[in-house]
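Please read the structure below before turning to the comments.
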Number of protein chains: 2
Amino acid sequence: MEYNEKQVQIMETAETLFAEKGFNGTSVRDIADKAKVNLAMVSYYFGSKDKLLEALFTYRGEGIKLKLESMIENKEMSALEKMNWLIDHYIDKVMSQQCFSRIMAREQVMNHTGATAELIYQMKKRNQEMISRLIHEGQKKGEFKKNIDVPLMMATLIGTANNLVTTQYYYREINNLQSMPEEEFQKHIRKKLSQHLKKIFKAILTNEE
Amino acid sequence: MEYNEKQVQIMETAETLFAEKGFNGTSVRDIADKAKVNLAMVSYYFGSKDKLLEALFTYRGEGIKLKLESMIENKEMSALEKMNWLIDHYIDKVMSQQCFSRIMAREQVMNHTGATAELIYQMKKRNQEMISRLIHEGQKKGEFKKNIDVPLMMATLIGTANNLVTTQYYYREINNLQSMPEEEFQKHIRKKLSQHLKKIFKAILTNEE
DNA sequence: GTTTAAATTAAACATTTGTTTAGTTTTGCC
DNA sequence: GGCAAAACTAAACAAATGTTTAATTTAAAC
């Protein structure tokens with residue numbers, strides 16, 4: 001699907017507002033005002049507010065999909081190296097699309113059916129399969145332990161990242177980093193989160209009991 | 001604060017609806033209808049919809065607070081045993097109050113100010129301090145490593161638990177547990193989550209590099 | 001320049017929203 | 001029973017909501 005300049009403008013404005021105030025907490029007028037377009041343009045281009053959310057998901061959905069195909073076939077990387085690469089890749093996606101990640105996290109809480117729920121589900125399934133493949137590969141090579149609960153690993157990966165993103169103001173305060181420039185702070189938590197998750201995954205996947 | 005039967009009825013109905021459809025996605029009429037009370041009773045007893053949410057938070061907030069005071073002073077438990085106890089205690093709270101946990105997770109995403117945000121913040125801070133104390137105790141005893149990032153540990157504890165609770169339907173499907181009775185399934189994921197988090201915490205807190 | 005379709009607009013639309021009002025019923029107390 | 005306070009109700013209220021309409025402007029094609 002191709003979107004023109006104005007459509008993108010509307011979607012990206014909606015994105016920040018949905019992330020901030022939630023889908024139901026944001027009115028079409030809020031979006032139109034902030035995007036500086038006429039109220040009717042939202043319906044004109046997207047049909048409805050629900051369809052706008054759907055459009056946002058297909059628009060951003062591509063960008064947040066994990067791109068692991070080429071890496072996964074790499075014969076020179078160990079299974080653990082691949083897993084570390086995946087963690088960094090995932091963190092990159094979440095941190096560079098924080099608004100969209102927030103929306104996804106919130107929509108995930110609602111177990112309502114619909115096009116967006118279906119998209120989230122497919123994305124989850126796809127990621128799950130990739131991680132499973134990676135783990136099974138590591139197990140075959142003898143690098144990883146048996147009896148890995150993949151969904152729980154995913155819950156930790158996704159849950160930890162989401163939680164940090166949504167409570168970063170808190171992380172900043174606790175660690176007395178209020179004076180740190182925003183950009184530097186983003187790099188900081190990205191690095192910390194990466195180290196943290198890699199340590200966890202290494203421990204769970206390789207450590208002996 | 002004391003609540004009469006009807007007030008509790010309204011709050012608990014609101015709780016399930018807020019968890020399901022979100023605060024803004026739930027109308028006062030939805031609540032009144034499902035609770036089988038007159039529409040005006042919500043305003044009559046709570047003043048407003050916002051105040052109802054606040055009331056729910058003070059009503060449930062007590063129940064979800066971690067009760068660690070007596071355990072934390074126990075001289076016969078090792079620091080790791082205490083940490084494991086805390087993990088189980090936390091999981092108990094989340095799993096037995098899933099609706100409220102969902103609401104908290106969602107409200108946390110919204111960084112809006114207000115009474116409920118303040119309550120969540122105080123709860124977070126309180127938990128943070130307890131866990132910090134526990135970890136510092138373990139470090140003093142030489143049981144735990146230095147350089148533990150407490151907020152990241154919390155993000156993993158809370159994030160993993162929340163993520164599992166909100167996507168349990170998915171966990172059920174992936175593991176082909178659709179036929180398992182609900183009660184048994186709840187016990188199942190509680191146990192799995194407990195093992196998983198304990199393993200992570202042990203690895204992060206005690207393992208050598 | 002004319003024509004046709006797309007883009008844009010202000011206004012109107014019908015619902016739904018949270019809240020209040022004004023009245024009625026119930027309850028507890030003397 | 002009489003009475004006052006609390007509990008409860010149906011109706012009304014104004015404001016906000018998502019969406020549509022009907023008219024106007026802009027753009028492109030011929």
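In what follows, chains are A, B, ... by sequence order, proteins preceding strands, each numbered from 1. Owing to the predicted nature of the structure, the values given are computational and were not obtained by experimental measurement.
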* **Closest to the A/Ser43 side chain, choosing from C/dT19, D/dT20, D/dG18** => D/dT20
* Within the pair A/Asn38 and C/dA7, is there a side-chain N or O less than 4.0 Å away from OP1 or OP2? -> no
* To do: Check the distance between D/dG18's C1' and A/Ile10's CD1 and give it to me in whole angstrom.
  => 15 Å
* Asked: Taking the side chain of A/Met41 as heavy atoms from C-beta outward, which of C/dT9, D/dG18, C/dG18 is closest to it?
  -> C/dT9
* Look at the side-chain N and O atoms of A/Lys6 and state whether any lies under 4.0 Å from the OP1 or OP2 oxygen of C/dT8. => yes
* To do: Fit a plane to each ring of B/Tyr171 and B/His188, take the angle between them on a 0 to 90° scale, and name the class: parallel (under 30°), tilted (30 to 60°) or perpendicular (over 60°).
  => tilted
* Can you tell me the distance, in whole Å, between the CD atom of A/Gln9 and the P atom of C/dA7? => 15 Å
* Over how many whole Å does the gap from A/Asp33 atom CG to D/dA16 atom P extend? -> 12 Å
* Structure fact -> Note: for A/Lys36 and A/Arg29 on DNA chain C, the residue whose nearest nucleotide lies more 5' is A/Lys36
* How many Å lie between CG on A/Leu39 and P on D/dA16, as a whole number? -> 14 Å
* **Per B/Ala40 side chain, nearest of listed nucleotides D/dT9, D/dT19, C/dG18** => D/dT9
* To do: Tell me whether the OP1 or OP2 atom of D/dC8 has a side-chain N or O from B/Tyr44 closer than 4.0 Å.
  => no
* To do: Starting from C1' on C/dT8, measure out to CG on A/Asn4 and report it in whole angstrom.
  => 13 Å
* Asked: Atom CG of B/Leu52 and atom P of C/dG18: how far apart are they, to the nearest Å?
  -> 11 Å
* Ignoring backbone atoms, establish whether A/Tyr45 has a side-chain N or O less than 4.0 Å from OP1 or OP2 of C/dT8. => yes
* **Rounded distance (Å) that lies between atom C1' of C/dT17 and atom CG of B/Asp50** => 13 Å
* Are A/Tyr45 and A/Tyr3 close enough that their ring centers fall under 6.0 Å? -> no
* To do: Begin with the C-alpha distance, continue with both residues' side-chain angles, and end with the deciding distance and a verdict on side chain to side chain donor-acceptor pair (under 3.5 Å) for B/Gln186 and B/Gln168.
  => CA-CA 9 Å; B/Gln186 293 297 325; B/Gln168 51 184 283; 2.9 Å; yes
* To do: Could you tell me whether B/Glu62 and B/Lys65 have a side-chain N and a carboxylate O separated by less than 4.0 Å?
  => yes
* Aromatic ring proximity, centroids under 6.0 angstrom, A/Phe100 and A/Phe18 -> no
* **B/Lys21 NZ - C/dT16 P separation (whole Å)** => 12 Å
